[in-house]
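First up is the structure itself, then whatever we jot down about it.
Since this is a predicted model, take the numbers as computed values, not measurements.
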Amino acid sequence: MAVGAVLDDLAAKAPPFAATALVAGLLLCFVFLRGLSHKQRNTGLPPVPTVPGLPIIGNLLQMKEKKPHKTFTRWAETYGPIYSIKTGAETVVVLNSAEVAKEAMVTRFSSISTRKLSNALEILTANRTMVATSDYSDFHKMVKRYILTSVLGANAQKRHRSHRDAMVETVCRQIHDQVSGSPGEAVNFRAIFENELFGLALKQAIGVDMKSIYVEELRSTFSKKDIHRILVIDFMNSCLEVDWRDFFPYLKWIPNNSLENKIRQVTFRRKVLMSALIREQKKRIASGEELNCYLNYLLSEAKTLTEDQIAILVWEAIIETSDTTLVTSEWALYELAKSPKRQDRLYQEMKNICGLERITEEQLPHLPYLGAIFHETLRKHNPAPLVPIRYAHEDTQLGGYFIPKGSQIAINIYGCNMDKKQWENPEEWIPERFLNDKYDPADLYKTMAFGAGKRVCAGSLQAMLIACIMIGRMVQEFEWKLREGEEADVDTVGFTTHKLHPLQAILKPRRSE
Ligand code: HEM
């Protein structure tokens with residue numbers, strides 16, 4: 001429903017005199033409290049610069065472009081690295097430089113540790129049960145420890161190594177088959193990698209790569225493709241659902257049934273599918289089969305969690321493994337396919353270190369150019385351009401400005417990585433910039449791509465291992481060239497920055513399988 005229609009509806013429901021008196025009373029209280037709170041809060045710090053907008057709706061109309069990170073970055077050129085906007089009744093402070101972003105994520109973390117979720121995300125994440133969406137609390141610390149110990153930490157990643165190695169071999173084999181079956185035809189790398197990466201996610205999370213499952217509640221058998229759609233794609237698309245009540249919380253009492261029903265349906269299908277997957281794995285575990293997976297770990301170690309909480313946490317590990325690493329690998333291969341010189345440089349680097357052998361994870365520290373390609377891809381094509389919104393739960397300060405309690409904080413990582421003061425020619429993909437002495441090759445956090453501080457991404461090691469090996473192997477095996485007309489195809493789509501159209505590249509094997 002449009003905002004105007006909502007306001008008309010409200011006016012029609014209230015008797016005119018009562019409504020006028022009520023509005024006047026509320027306005028007086030508001031003016032009085034505002035004055036009072038200003039005096040109470042006056043810290044001597046100036047308020048953040050604001051982007052001018054319209055009454056009631058604020059800057060909403062100026063954000064029609066579906067990529068707010070780009071709009072925010074453009075505004076930073078006029079209003080500076082920190083400014084505030086109004087999205088309806090909400091004040092959002094937007095941070096666009098590494099300096100203020102780090103201040104928010106590290107120095108002022110204690111005042112800005114709480115997530116602000118949209119109505120859709122509250123439902124989709126089962127009231128913040130995921131590590132990534134929970135508020136910073138004992139629960140968050142406990143579940144972050146669980147996912148690191150069982151899946152994402154360095155030791156856990158060693159235990160899951162065979163799954164990663166097997167996945168890379170399967171992807172290579174499938175691409176070789178396709179290239180030899182239809183030489184000269186463009187290959188859709190995403191279609192192949194997406195399926196195998198999802199298989200890896202399932203192995204880490206529930207112990208097996210499921211080919212299909214029967215779900216009693218839906219009286220249907222679902223293929224692996226269906227499972228991927230329900231667990232990953234439907235969720236990602238639903239994250240983008242905009243509920244106008246997010247911008248006008250005081251109107252939350254007005255139902256928005258069509259949106260809520262849609263979201264609840266996505267949540268229901270995920271719930272029953274996850275239950276079916278977990279039931280199946282419990283049978284395996286009961287039959288004595290040893291499964292090194294997150295589900296097994298949570299069932300035996302996380303005694304205080306409910307079954308529903310375990311299902312959400314296991315699903316979280318699946319969805320997070322399946323998406324952002326795919327986005328990064330595809331963009332890196334797009335850039336390399338566009339740049340034969342850089343592709344050749346990477347090939348030579350690997351030849352020097354690996355000889356005729358296939359690249360291994362142990363060799364990664366000796367392949368600085370491959371590392372630079374990974375970091376430059378994260379910088380330019382960051383899969384998570386905006387950190388999930390936080391809000392200041394007490395008065396605080398950022399960049400020398402006063403930030404009142406209740407402000408939402410949008411950390412624009414894309415903006416930080418496009419900041420002309422920090423990066424020379426930020427629009428260009430130049431991996432060589434990371435070969436500079438000022439960067440420690442082992443540092444995973446050369447850009448803000450993984451966030452920072454206590455809520456830094458838990459999956460950065462896994463993302464680096466999978467993406468670097470996948471990029472390296474693809475270049476060891478094939479010469480990559482973009483299909484004609486692909487050069488300008490740089491648009492993105494989705495909650496993470498998926499390439500709008502899958503990369504289509506012509507591949508020439510460098511050696512036979
Ligand atoms: C290139 C790939 C990835 C990028 C760019 C990325 C980026 C991010 C960012 C920006 C955050 C938010 C940090 C914050 O709120 O301060 C985050 C959080 C998180 N990420 Fe990643 N991520 C990636 C891959 C992964 C993978 C593969 C996993 C797991 C399988 C993962 C698991 C998580 C978790 C659990 C959190 C929540 C951490 C917390 O709230 O304490 N990420 N990630």
Side-chain angles (χ1 to χ4, degrees), residues 2-4 6-7 30 34 37-38 41 45-105 108 111-112 114-121 239-252 382 384-421 448 451 492 495 497:
V3 178
V6 174
L7 296 175
F30 178 68
R34 212 163 166 236
S37 68
H38 241 276
R41 294 172 181 189
L45 292 172
V48 285
T50 53
V51 178
L54 295 172
I56 301 179
I57 58 169
N59 303 93
L60 282 177
L61 281 184
Q62 293 149 277
M63 294 174 58
K64 272 193 281 186
E65 180 187 37
K66 279 196 174 147
K67 307 200 170 50
H69 57 280
K70 293 205 168 164
T71 310
F72 292 164
T73 305
R74 240 188 359 261
W75 284 343
E77 284 173 18
T78 311
Y79 301 99
I82 170 168
Y83 54 78
S84 86
I85 59 169
K86 292 291 274 184
T87 53
E90 299 285 320
T91 299
V92 185
V93 175
V94 187
L95 312 179
N96 301 279
S97 77
E99 207 177 324
V100 274
K102 271 195 192 133
E103 188 182 349
M105 289 193 270
R108 312 271 171 221
S111 319
I112 315 177
T114 317
R115 294 279 191 225
K116 172 79 190 173
L117 300 188
S118 64
N119 293 335
L121 268 172
C239 288
L240 293 172
E241 290 290 346
V242 176
D243 182 345
W244 52 264
R245 297 171 307 174
D246 287 331
F247 307 124
F248 305 98
Y250 50 82
L251 297 178
K252 211 171 174 175
N382 192 337
L386 289 174
V387 171
I389 301 257
R390 312 232 183 122
Y391 79 92
H393 47 85
E394 57 190 21
D395 288 351
T396 184
Q397 56 175 287
L398 285 172
Y401 295 106
F402 174 66
I403 308 291
K405 173 181 171 174
S407 310
Q408 297 186 17
I409 311 290
I411 302 171
N412 182 12
I413 301 186
Y414 173 85
C416 300
N417 288 331
M418 286 293 143
D419 183 357
K420 291 193 180 82
K421 291 200 187 89
M448 302 296 289
T492 60
F495 185 59
T497 54

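- Going from atom CE of Met105 over to atom CG of Leu95 covers 8.5 Å, rounded to the nearest 0.5 Å.
- Ring planes of Phe72 and Trp75: tilted class, angle from 30 to 60°.
- Minimum interatomic distance between Ile57 and Phe248 (heavy atoms only, all atoms of both residues): CG2-CZ, 4.3 Å.
- With hydrogens and angles disregarded, a donor-acceptor distance shorter than 3.5 Å links the side chain of Asn59 to the backbone of Lys86.
- Checking side-chain atoms of Asn412 against main-chain N and O of Val94 turns up no donor-acceptor pair under 3.5 Å.
- When all heavy atoms of Gly400 and Leu45 are compared, the pair lying nearest together is O-CD2, 3.5 Å.
- Atoms NZ and CD, from Lys116 and Glu90 in turn, are 5.0 Å apart once rounded to the nearest 0.5 Å.
- Ion pairing between a basic and an acidic side chain is recognised when a charged N comes within 4.0 Å of a carboxylate O; Glu103 and Arg108 show such pairing.
- With hydrogens and angles disregarded, a donor-acceptor distance shorter than 3.5 Å links the side chain of Thr73 to the backbone of His69.
- Judged purely by atom type and a 3.5 angstrom limit, Asn96 has no side-chain atom pairing as donor or acceptor with the backbone of Cys416.
- Here the closest heavy-atom approach between residue Pro388 and residue Arg115 is recorded as O-NH1, 3.3 Å.
- Counting heavy atoms from C-beta outward, Thr396 and Ile112 have side chains that approach closer than 4.5 Å.
- In terms of heavy atoms, Pro68 sits closest to Leu386 at CG-CD1, 4.1 Å.
- In this structure, CE in Met418 is found 14.0 Å from CZ in Arg74, a value given to the nearest 0.5 Å.
- Taking a 6.0 Å sphere around OH of Tyr391, one finds it holds 12 or fewer heavy atoms contributed by other residues, nucleotides or ligands.
- Side-chain N or O atoms of Gln62 include one that pairs as donor or acceptor with a backbone N or O of Pro52 at under 3.5 Å.
- Annotation for Ile413 and Gly451: closest pair CD1-N, 4.3 Å, computed over non-hydrogen atoms.
- Put simply, NZ on Lys252 and CG on Asp243 are 8.5 Å apart, with the number rounded to the nearest 0.5 Å.
- The line from CZ of Arg390 to CD1 of Ile409 is 9.5 Å long, rounded to the nearest 0.5 Å.
- Val93 and Ser407 make their closest contact through CG2-CB, 4.0 Å (heavy atoms, listed as atom of the first residue, atom of the second, distance).
- Here Trp244 contributes atom CH2 and Asn119 contributes atom CG; the two are 9.5 Å apart, rounded to the nearest 0.5 Å.
- Dense packing is recorded around CD of Glu241, with more than 12 heavy atoms of other residues, nucleotides or ligands lying under 6.0 Å away.
- Side-chain contact between Asn417 and Asn382 is present, with heavy atoms from C-beta onward closer than 4.5 Å.
- Using a cutoff of 4.0 Å between basic side-chain nitrogens and carboxylate oxygens, Asp419 and Lys421 are not scored as salt-bridged.
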